[in-house]
Structures are given as structure tokens and as C-alpha cells.
Amino acid sequence: MECLRRTFLVLFICFFSDSWAHTPGHRTRYEPNWASLDQRPLPRWYDEAKVGIFLHYGVYSVPSFGSEWFWHYWINLRKPDYIRFMQRNYKPDFTYQQFADQFTAELFNATQWALLFKDSGAKYVVLTSKHHDGYTLWPSKYSFGWNSVDVGPKRDIIKELASAVRSVSDLKFGLYYSLYEWVNRLWIDDKAHQLLQQHYVDYKVRPEQMELVQEYLPEILWSDGDQEAPAQYWRSEEFIAWLYNDSPVRETIVTNDRWGFGTACMHGDFYNCADRFNPGVLQRHKWENAFTLDRTSWGQRFDVTLADFMSSKDVIKEIVTTVSCNGNVLINVGPTKYGTILPIFEERLRDMGRWLSINGEGIYGSSPWIYQNDTLTPDVWYTQGKESNSTIAVIYAFVLEYPYDTNELEIYPLGKDISIFRNVLLTGLDFGMDNEVINKQTTQISMLGMENTKINWTATHNKLRIVFPPKHHIDKRGLEYAWTFKISIA
């Protein structure tokens, strides 16, 4: 009977998790085509990590106005706000390239950054190595005079941050790389030839990609700027096959889905699909929700008000709703030109870290439950933890809105309408014929952060009624933003 009871739950777990979370075993060689590349199992570390930090840092951090797309909006699109900003603050013949001299990073301390990311509870960090303006944060051999060693801070920002992250934390280190550049002459010439030639890929993109991987050993390569050409032009399949087969990070590297128009939500170790992508429903393929603490800009800017920032509660909600649906979060921070992270960003990250230090048990290493959110009570989301020898299911219920009026919660962690047939619940769990699905003999309930406090609860068939501990006791423990109940079923 015990074997039978576990079998149906295991079938569910395998269906939704086996394909994205494998420990590398025997080496498979992949062919340079999507049919082969898409068969590669996702390295387990990425699925278990759940939370990452994104950093948009570069010359656009100097004007700190509008967006990291400053150059494009100012010169190419001639947006009025950007024209006025330049007219009021800079001489008439000022060029975007001159901003690089002011990109000084004199206060940049990579160790301080790394320690903050560690305290935030993040498990990986992704830094922009090169954005669409072409400026690189390392001494690229293929970007002479337009990199952080030749002009600006005169420092290899990637090397310093990678070294700090790896020395003071166990975070994985990754790099963002923009395929196209707004004003690169090789790219413009290739477009003028209808993309029938690939000089930009041959002499700029591919050499830089190889240099980044071989020099800095990133475990995430976050591709972007692919939207103006197909994957065939970028020769993306060829490059990814090298990453998976022969690169020095072949066992652990993960990539996203931005490798040429038509690849988004189609190919890659994990899908981004779009900026700030959060579908709110379970996704079969592993995905990532990349979002910004400043709601409208990835780069740091000063034309911002408090209302433009996500609150700490907003951030926690985004984490919970994403992870419940099989996603990771990549939370973006834009550092200043001086190399500092603004206090409001630091506050959000530290609040997140405190919350994860208590509730991370239900986040890290979790997998989707059979239901992502509750069918009766809004703002209750579920994940599934790892069962032990004495349990067949560990369910985490995240409560995003506190029930101030009643101090009680009614939820259906197994769904509102379930049936028992031949001793097996159609949800995949077996508790015997004609028995209560959740009962005092099979179920234990605790509140994360309140483990020494007895939780009062009752169950009627599949409805669970939970009484919160006194609110002042909860507040004294520093529990806020979202509250988590652990439901262990034996």
C-alpha cells in the first residue's frame, strides 16, 4: 500500500520536473540544431536556485535619465524628453561617447556588491557584459577604445565582480551579452546586404562570446539583442553546441531563449519570452521572470519618484507567484556611475533576504504543486517541497494578504473538487477509501518562522481551516510581506 500511495505522486513530480532538473551524468554530444540542443537537460543548480540578481551597468549610467536605451532614444528616435535633457545640461556638440569619460566607478567595491547579493538570498547574479551601445565591461580585444579598461573606470569590472562573488559567496556568476549594437559599422553593413553576409558575427560577436566564456567562465549566458535577425544569421545553434559540448563550462552553463527572432519561448535552457514575463499559470518548460525594481528602467536613473519603485511586498509577491509556476526570478538593479547601489535598491534586497531566510525552505529547491494557487481563497500560492521517508507530500502555502478581519484562513491545498476511486485520489495521493483526506493522524502543519508555536487547525474533507498565531507574536518574529504554512502529509 505504501508503494501505491507514493506512486501517483511520483508520476506527477516526474512529469513536471524530470525534464528540467538533471544532475550531469554521462556526456552527450549535441548537434548544432535546435532538435538536438533542446534535448539537453537543465543543470539542476538552476532549477533549485530560484532567485537571481540582474545588473544593468554601463555608460548609460552616466546621464541616468529615462532608460538604458538613452543613446537610441536621443539620437535615433529623437524623443523630445531626451532632446530637452541634453539641451539643458550639455553643450550642443556633446556626444554619447563623451559620457564614457564620466563613467568613473570610483566607488565600485565588488566585494561589497557580492556580500549584498549574498545577504539578499539570491543564488546567482548576471552582469551586463555589453549592452546595445557596444561598450564592454571587460577589455575586449574586439572593442578597442570602447571598453571599461580603455576609457572610463580603467578597470575590468567583470573580472573584479566575478572574483568577489566566487570568493565571498556560493552564488553562481553569469553574464548578459547583447548580440546587436546600434551603431556598429559591421552590423549596419550586414543589414545593408540583407544579412546575406555575416561579417559582424565573424569579427565581433563570435570572438567576444568565446572570449567571455573562456576568460570568465560564466555559468549563465544571458543573450539579448537578437530581435533584428534570425538565429541562422547569428549562428546561434553552432555556438550553443560548442557551449554544451566543448566549452570549459559545458556541465553547468545555462542559456536563455534570445538567440534570433522566433526563438523566444521556443529554444533555450530556460525561457524569458518577454521582459517581466509572469504568466500566472504553470509552464511546462523552465522559465525566468526578469523584472526591474524600478518599474520602467533597467539602468539607474534619477528622473524617478518613490511610486516608480516596487515595494518589498511587491517583490515577495513576484517571487512567490513565479516560483509556484515553475519559474525563477531575476531581479534587476541599476548601479550608479560611481559604482554604488542606491539605498532604496539595497533596502529591497535586504528585505528580500530576511524574508527568504525564514521562508526560503518553501522556495529553494521546490517544485510546482498540483495546484499553483488556491481555488477558494485569493492570494494563496503553493509549492511542493521534498518529501522524506515519513511523508508523501510536503506542501507550502504562501499567504500574500494577511486575514486581518478573522485571523483565519480557509484553503483547499488538494483542490476543491476531488474524488477517491479505488483508494486513489485523482490528485495523485492515496489516503484510503471513505477517509478524511487531511486529518490529524496524517497531517502536520507549522508556520515558517513560528516553528515552536502550535498551529490550531481543522479539516473537513479537503478544506483546511488554519488559525494564525496572535498577530503581535508574528510581528515580533519579523514575519511580514507573505506568511508561509508548511503542510506535511504522511
Side-chain angles (χ1 to χ4, degrees), residues 5-13 15-17 278-283 316-317 319-327 359 361-363 366-387 391-448 450 454-469 474 482-490:
R5 293 173 67 181
R6 292 178 180 272
T7 298
F8 291 89
L9 180 59
V10 170
L11 287 174
F12 173 83
I13 296 171
F15 180 75
F16 282 105
S17 63
N278 187 355
V281 294
L282 182 64
Q283 301 295 295
I316 299 307
K317 179 179 180 179
I319 293 172
V320 169
T321 57
T322 298
V323 172
S324 294
C325 296
N326 190 35
N359 301 276
E361 176 184 334
I363 298 293
S366 67
S367 57
W369 179 231
I370 53 179
Y371 298 101
Q372 281 59 67
N373 54 350
D374 197 71
T375 57
L376 176 68
T377 303
D379 297 313
V380 176
W381 293 75
Y382 298 110
T383 64
Q384 177 177 267
K386 296 178 180 178
E387 67 273 11
T391 61
I392 60 171
V394 177
I395 309 164
Y396 294 94
F398 297 90
V399 183
L400 300 183
E401 296 295 336
Y402 195 90
Y404 288 102
D405 292 337
T406 64
N407 213 50
E408 296 181 0
L409 181 71
E410 288 188 352
I411 57 176
Y412 289 84
L414 301 180
K416 186 174 181 180
D417 298 312
I418 58 176
S419 302
I420 299 177
F421 180 69
R422 293 186 181 176
N423 293 350
V424 179
L425 285 175
L426 296 185
T427 55
L429 299 174
D430 168 33
F431 290 92
M433 194 71 168
D434 299 326
N435 288 336
E436 292 289 349
V437 177
I438 297 176
N439 58 63
K440 297 289 185 179
Q441 287 71 45
T442 64
T443 307
Q444 292 184 341
I445 297 177
S446 61
M447 186 177 189
L448 299 189
M450 303 284 290
K454 180 181 178 182
I455 301 299
N456 294 317
W457 61 275
T458 58
T460 304
H461 191 46
N462 53 330
K463 180 171 73 174
L464 184 59
R465 176 178 167 273
I466 300 175
V467 180
F468 279 70
I474 293 175
W483 302 265
T484 310
F485 289 100
K486 179 180 181 180
I487 305 166
S488 301
I489 305 173

Subject >> Nearest-0.5 Å distance, CH2 of residue W483 to CG of residue N359 >> reply: 10.0 Å
Original post:
A459 and L464: which non-hydrogen atoms are nearest, and at how many Å?
Top reply: CB-CD1, 4.2 Å
**OP:** Mind checking the CG-CG spacing from L409 to L376? Nearest 0.5 Å is all I need.
**Re:** 9.0 Å
**OP:** Using a 4.5 Å cut-off on heavy atoms from C-beta on, say whether the side chain of I474 contacts that of M447.
**Re:** yes
**OP:** Starting at CD1 of I363, measure out to CD of E361 and round the result to the nearest 0.5 Å.
**Re:** 10.5 Å
**OP:** Would you indicate whether the side-chain heavy atoms of P413 and I438 approach each other to under 4.5 Å?
**Re:** yes
**OP:** Provide the closest heavy-atom pair for P368 versus Q384 in the form atom of the first, atom of the second, distance.
**Re:** O-CB, 4.0 Å
Original post:
Any sub-3.5 Å donor-acceptor pair from T377's side-chain atoms to E410's backbone N or O?
Top reply: yes
Subject >> I316 versus A482, closest heavy-atom pair with distance >> reply: CG2-CB, 3.8 Å
Original post:
Between T383 (side chain) and G362 (backbone), is there a donor-acceptor pair under 3.5 Å?
Top reply: yes
Original post:
Is Q283 reaching over with its side chain to a backbone N or O of V281, donor-acceptor style, under 3.5 angstrom?
Top reply: yes
Subject >> Check: Y396 and L448 side chains under 4.5 Å, non-hydrogen atoms >> reply: yes
Original post:
Is a side-chain N or O of S324 found less than 3.5 angstrom from the main chain of V320, in a donor-acceptor match?
Top reply: yes
Original post:
Do you know which two heavy atoms are closest between I455 and V467, and how far apart they sit?
Top reply: CG2-O, 3.9 Å
**OP:** Give a yes or no on whether the backbone of Y412 and the side-chain of N462 come within a donor-acceptor separation of less than 3.5 Å.
**Re:** no
**OP:** Dump the intermediate steps for side-chain contact (heavy atoms from CB on, under 4.5 Å) on Y402 and F468, then the final yes or no.
**Re:** CA-CA 9 Å; Y402 195 90; F468 279 70; 3.4 Å; yes
Original post:
What's the shortest heavy-atom distance between Y382 and I411, and which atoms?
Top reply: OH-CB, 3.4 Å
Original post:
Of the non-hydrogen atoms in A397 and V380, which two are nearest, and what is the gap between them?
Top reply: CB-CG1, 4.3 Å
Original post:
What is the distance from atom OG1 of T406 to atom CZ of R465, rounded to the nearest 0.5 Å?
Top reply: 8.5 Å
Original post:
From W457 CH2 over to E408 CD, what is the distance, rounded to the nearest 0.5 angstrom?
Top reply: 14.5 Å
**OP:** Would you mind telling me which of V394, I445, L414 makes a side-chain contact (heavy atoms from CB on, under 4.5 Å) with I487?
**Re:** I445
Original post:
Between atom CG of N439 and atom OG1 of T458, what is the distance when rounded to the nearest 0.5 Å?
Top reply: 12.5 Å
